[in-house]
Amino acid sequence: MYLRTTQRKNKNGTTVRYVQLAHNRRVGGTTQAEVVHNFGREDQLDTDGLRRLVASINRYLGEDGADAAAPAAGAACR
């Protein structure tokens with residue numbers, strides 16, 4: 001699983017980006033991205049909520065969330 005961004009252009013020329021949680025599946029010999037969850041527009045994203053989710057996953061895995069979560073969350077959304 002990974003975070004991915006998609007974008008589209010409005011008629012006035014502005015670009016809107018969306019953040020999604022995706023997973024690759026193999027379908028008929030080719031890989032296909034399957035969206036697990038759509039987090040919405042990047043400019044309206046609840047980054048604190050994503051950090052809490054990462055910290056929760058790290059606690060479940062028994063890893064230190066403070067060091068591992070900060071660089072991964074910022075880098076994955078870009």
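Nothing here was measured: the structure is a model prediction, and the numbers come from that model.
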Y2 side chain near H23 side chain, heavy-atom distance below 4.5 Å: no
Give a yes or no answer on whether the side chain of N10 reaches the backbone of N12 with a donor-acceptor pair at less than 3.5 Å. no
Carefully, step by step, assess Q20 and T6 under the rule side chain to side chain contact (heavy atoms under 4.5 Å, CB included). CA-CA 8 Å; Q20 301 167 327; T6 57; 3.8 Å; yes
Does some side-chain heavy atom of E42 sit less than 4.5 Å from a side-chain heavy atom of T5? yes
Suppose we screen for side chain to side chain donor-acceptor pair (under 3.5 Å). Which residues come up paired with T30, at least two apart in sequence or across chains? none
All side-chain contact (heavy atoms from CB on, under 4.5 Å) counterparts of R52, not counting sequence neighbours: D46, D48
Just by distance, do the side chain of R41 and the backbone of Q44 share a donor-acceptor pair under 3.5 Å? no
In Å, rounded to the nearest 0.5 Å, how long is the span from CZ of R25 to CD of Q32? 6.5 Å
Are R8 and T15 close enough that some pair of their side-chain heavy atoms sits under 4.5 Å apart? no
Taking side chain as C-beta onward, heavy atoms only, is R4 less than 4.5 Å from V35? yes
For H37, which residues count as a ring-ring contact (aromatic ring centres under 6.0 Å, His included) partner, sequence neighbours excluded? F39
Taking side chain as C-beta onward, heavy atoms only, is L21 less than 4.5 Å from M1? yes
